[in-house]
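Some notes on the structure that comes next.
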Amino acid sequence: SRRAMILAPSSAREWLLPYEPVATGYASGWLAIRKAWRGDVDRNFVLSDHADWPGLLGAIAATQAETVWAAHGSTTALARFLGERGIQAIAI
């Protein structure tokens with residue numbers, strides 16, 4: 001079986017329908033300082049969606065992602081940078 005991780009806003013849940021069954025999670029930096037845990041997901045992650053360049057590249061490296069879809073911020077620059085390093089990246 002193939003395994004993948006899709007990071008997307010909660011509003012994108014309908015995008016996941018073709019991939020059912022899936023496990024869902026909620027990521028927020030707020031989880032580090034207050035109890036903002038959500039019960040409608042399988043797992044909560046203390047992870048801010050505000051990342052600096054080194055932090056973003058570190059997260060991509062840590063996941064060993066083969067493909068990255070950049071959906072916010074400097075998407076074209078990130079996709080080009082990753083592509084030059086052999087990681088398939090798509091600016092959406």
Scanning both residues in full, the closest heavy-atom pair of Thr76 with Ala91 reads N-CB, 3.9 Å
CG-CD1 distance between Leu78 and Ile87, expressed to the nearest 0.5 angstrom | 9.0 Å
Under 6.0 Å from the CD atom of Gln64, do we count more than 12 heavy atoms belonging to anything else shown?
-> no
Heavy atoms of other groups near Trp53 CH2, more than 12 under 6.0 Å = yes
Step-by-step side chain to side chain contact (heavy atoms under 4.5 Å, CB included) determination, Ile90 to Val68 | CA-CA 6 Å; Ile90 303 159; Val68 173; over 6 Å; no
Please assess Trp30 against Val46 for the test side chain to side chain contact (heavy atoms under 4.5 Å, CB included), listing each intermediate value before the final yes or no.
-> CA-CA 7 Å; Trp30 288 108; Val46 179; over 6 Å; no
Can you list the residues that meet the side chain to side chain donor-acceptor pair (under 3.5 Å) rule with Asp40, with sequence neighbours excluded?
-> Arg38
Flag, side chain of Asp42 to backbone of Thr24, donor-acceptor distance under 3.5 Å = yes
Say you draw a straight line from CG of Leu57 to CZ of Arg85; how long is it, rounded to the nearest 0.5 Å?
-> 8.0 Å
Consider only side-chain heavy atoms of I, L, V, M, F, W and Y, link residues closer than 4.5 Å, and tell whether Leu82 and Leu56 are in one cluster.
-> yes
Show the numbers, then the answer: is there a side chain to side chain contact (heavy atoms under 4.5 Å, CB included) between Ile92 and Thr75?
-> CA-CA 7 Å; Ile92 58 171; Thr75 57; over 6 Å; no
